[in-house]
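Have a look at the structure below before the remarks.
When reading the values below, keep in mind they use all heavy atoms of this one structure, side chains included, and skip hydrogens, waters and symmetry mates.
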Amino acid sequence: MTTRSEMICHRMACQHKIKVKPLSNGEAWFLFMEKLGRYVELSPEVEGIAEAVARECAGLPLGIITVAGSLRGVDDLHEWRNTLNKLRESEFRDMDEKVFKLLRFSYDRLGDLALQQCLLYCALFPEDHGIPREMLIGYLIDEGIIKVKRSRKDAIDEGHTMLNRLENVCLLESAKMYYDDSRIVKMHDLIRDMAIQILQDNSQVMVKAGAQLKELPDAEEWTENLTIVSLMQNEIEEIPSSHSPMCPNLSTLFLCDNKGLRYVADSFFKQLHGLMVLDLSRTGIENLPDSVSDLLSLTAFLLNDCRELRLVPSLKKLRALKRLDLSWTMLGKMPQGMECLTNLRYLRMNGCGQKEFPSGILPKLSHLQVFELERFPVLPITVKGKEVGSLRVFELERFTALPITVKGKEVGSLRNLESLECHFEGFSDFVDYLRSRDGILSLSTYKILVGEVFSYSEQCIEDFPSKTVGLGNLSINGDRDFQVKFLNGIHGLVCQCIDARSLCDVLSLENATELERISIRECHNMESLVSSSWFCSAPPRLPPYNGMFSGLKVFFCYSCKSMKKLFPLVLLPNLVNLERI
């Protein structure tokens with residue numbers, strides 16, 4: 001057990017206590033210089049001041065790391081001297097206060113309001129919590145800390161830049177998720193304590209994330225001046241009608257990751273009319289109260305992964321809404337008033353049990369930048385455990401999903417779209433979309449399924465790069481209109497049960513320079529990847545064929561009975577990045 005308080009050791013009746021002493025001056029200076037930069041050369045004058053700055057950190061490793069990180073790249077004598085003076089001006093009662101002052105110094109040195117707000121926002125998550133970068137950046141956009149001036153992609157880039165800066169000055173730690181290597185950030189518990197203290201000094205906030213609460217905090221804690229409440233990752237099961245907080249200034253409310261939360265009384269949202277960000281994701285809620293329909297200031301409404309959710313009240317009045325996430329819910333029907341959400345920029349949802357996305361909604365959502373339409377999850381079929389002879393047959397679950405299609409022309413009307421995931425019923429819809437969009441050059445990411453989707457293709461496309469098209473059970477041979485020649489920069493291609501004779505019938509090979517993955521399965525008419533006639537008809541170019549397939553890393557070919565030739569010899573020099581075939 002480690003603790004900063006000797007009193008806790010006494011309470012825990014520890015038999016052996018080992019006091020960890022502060023670093024010596026030599027150790028402190030070594031750590032300071034390591035965090036400042038191993039190969040940094042300081043002038044003699046600056047080095048003398050730097051040694052004094054390191055001594056002011058009192059041998060406290062976290063203080064040394066954050067102060068040194070905040071001074072990285074500084075070579076001006078005046079700035080170093082000013083830093084030393086500010087540290088010397090502080091008076092401390094104990095070591096905890098000393099650390100807080102050092103951390104506060106590093107925070108103040110950020111000198112950028114948005115960067116400071118970004119750091120403070122991380123304190124809303126539970127202690128020692130790994131925060132996915134993309135999730136955090138989404139919140140920062142919702143809150144207006146990151147402004148979407150041009151495109152959402154630019155805003156996301158700005159978010160990553162901010163997080164990189166906070167990592168570089170040692171106020172955040174970089175890490176990766178163990179299961180998919182996605183990037184996350186973590187905040188040291190002392191830095192989090194400092195951030196919460198700053199939040200509470202500047203405004204009224206309630207942060208009880210990961211506090212193992214069984215019930216909502218008492219009524220007296222819900223003061224009129226509250227602006228932010230974070231109750232994420234607790235064990236709250238219901239919010240009864242006795243709770244109707246009067247918090248007109250509350251703008252952000254996190255109730256996400258209360259997995260047992262099944263019921264919220266209608267009274268709860270009655271007096272929260274200033275609410276702008278509401279996150280109920282990953283809860284067990286079944287029906288949302290009608291009072292949600294009157295949250296007119298709401299700009300972000302997040303309900304993703306609420307797998308018990310059956311009903312959402314009318315969204316007609318929520319005209320300020322910019323982000324709506326209904327993915328992986330069990331809604332039985334499309335929420336009313338979707339066509340009124342004319343300010344919506346981000347929409348993730350499934351088909352709510354319908355086979356086709358209702359016509360007339362998408363053209364009215366002209367500001368959409370992200371549109372992800374997933375398959376509708378069907379409840380698992382369960383076989384409970386029972387005794388069979390001397391064997392125990394355990395419970396089995398099987399999840400299925402119902403596909404939902406969307407009209408190509410309606411998706412094509414979304415002129416501001418940057419990220420798209422959807423399913424077109426047939427190649428005519430896909431071509432309609434491509435023509436109405438003049439290709440998809442403006443899309444930074446897309447995963448598009450066309451035709452009948454088999455389970456293999458659907459699973460395959462999930463693991464493919466961010467610019468992927470999947471084609472299933474299509475008759476396209478000889479239809480030149482179908483050629484996906486519009487898809488410049490395509491990274492992944494999945495073909496299953498299509499009657500093309502070669503990839504030339506599907507893809508304009510001039511644009512195949514960035515293809516990373518190809519999967520071809522049960523295409524029984526396909527005899528070769530590149531037809532010999534293509535070389536005759538293709539326009540003249542300099543060898544080696546303009547880098548065709550030069551980005552290819554993985555190629556799958558399964559059960560294509562007529563396949564005789566994969567890559568022609570002339571293209572083999574291009575396959576320098578091929579890792580698996």
Side-chain angles (χ1 to χ4, degrees), residues 151-153 315 321-327 331 334-335 337-376 401-453 457-458 461-462 464-474 476 479 481-494 506-507:
S151 67
R152 189 176 181 88
K153 182 175 180 291
L315 305 176
L321 206 59
K322 292 184 179 180
R323 182 156 75 126
L324 177 62
D325 195 337
L326 298 168
S327 58
L331 295 181
M334 199 72 63
M338 289 281 294
E339 68 281 358
C340 299
L341 306 181
T342 53
N343 280 305
L344 210 59
R345 266 72 171 169
Y346 180 110
L347 176 60
R348 283 185 68 201
M349 65 182 303
N350 58 53
C352 303
Q354 301 184 40
K355 292 183 178 180
E356 184 175 271
F357 195 81
S359 296
I361 292 178
L362 285 181
K364 294 180 180 178
L365 310 182
S366 59
H367 294 294
L368 266 187
Q369 296 171 317
V370 176
F371 179 49
E372 296 181 11
L373 188 62
E374 63 187 22
R375 289 158 73 84
F376 180 70
L402 298 176
I404 177 171
T405 60
V406 63
K407 290 297 183 186
K409 287 182 179 179
E410 296 217 341
V411 179
S413 69
L414 303 174
R415 297 295 172 180
N416 294 300
L417 205 60
E418 299 175 37
S419 180
L420 173 64
E421 290 189 21
C422 71
H423 179 191
F424 295 119
E425 184 175 11
F427 70 78
S428 59
D429 265 318
F430 189 31
V431 172
D432 284 345
Y433 167 67
L434 293 173
R435 285 174 173 165
S436 62
R437 288 286 296 154
D438 297 322
I440 53 177
L441 297 179
S442 65
L443 292 182
S444 56
T445 64
Y446 55 84
K447 289 190 176 180
I448 300 171
L449 293 170
V450 185
E452 185 179 349
V453 179
S457 298
E458 186 184 25
I461 202 170
E462 286 294 320
F464 265 52
S466 59
K467 295 183 177 182
T468 294
V469 173
L471 311 173
N473 200 25
L474 294 171
I476 59 176
D479 194 328
D481 275 346
F482 185 76
Q483 260 201 2
V484 193
K485 57 187 175 184
F486 305 96
L487 296 180
N488 294 333
I490 184 172
H491 292 170
L493 180 65
V494 180
V506 175
L507 185 73

Any donor-acceptor pair under 3.5 Å linking the side chain of Asn416 with the backbone of Ser366? yes
Under a 4.0 Å N-O cut-off, is there an ion pair linking Lys407 with Glu356? yes
Point-to-point distance, once rounded to the nearest 0.5 Å, from CZ of Arg152 to CZ of Arg323: 6.0 Å
Could you report the tightest heavy-atom contact between Leu315 and Pro335, atom names first, then the distance? CD1-CB, 3.8 Å
Could you tell me the separation between the CZ atom of Phe371 and the CG atom of Leu365, rounded to the nearest 0.5 Å? 8.5 Å
Main-chain N/O of Tyr346 paired with His367 side-chain donor or acceptor, under 3.5 Å: no
Mind checking the OH-OG spacing from Tyr433 to Ser413? Nearest 0.5 Å is all I need. 10.0 Å
Using salt bridge (Lys or Arg N to Asp or Glu O under 4.0 Å) as the criterion, list what pairs up with Lys355, not counting sequence neighbours. none
Looking at every non-hydrogen atom in both residues, tell me the closest pair between Leu471 and Val506 and how far apart they are. CD1-CG1, 3.4 Å
Quick one: CD1 on Ile490 to CZ on Phe464, what's the gap to the nearest 0.5 Å? 10.0 Å
Roughly how far, to the nearest 0.5 Å, is the CZ atom of Arg345 from the CG atom of Leu324? 14.0 Å
Tightest non-hydrogen contact, residues Val406 and Phe424, listed as O-CD2, 3.3 Å
Note: Glu372 and Arg348 closest approach over all heavy atoms is OE1-NE, 3.0 Å
Should we say atom CD of Glu410 is surrounded by more than 12 heavy atoms from elsewhere, each under 6.0 Å from it? yes
Please name the pair of heavy atoms, one in Leu493 and one in Thr468, separated by the smallest distance, quoted to 0.1 Å. N-CG2, 4.4 Å
Quick one: does Thr445's side chain have a donor or acceptor within less than 3.5 Å of a partner on Ser419's backbone? no
Given side chains that start at C-beta, do those of Leu443 and Leu417 come closer than 4.5 Å, heavy atoms only? yes
Euclidean distance, Cys340 SG relative to Ile361 CD1, rounded to 0.5 Å: 9.5 Å
Pro465 versus Lys447, closest heavy-atom pair with distance: O-CE, 3.2 Å
Counterpart residues, salt bridge (Lys or Arg N to Asp or Glu O under 4.0 Å), relative to Lys322 (two or more places apart): none
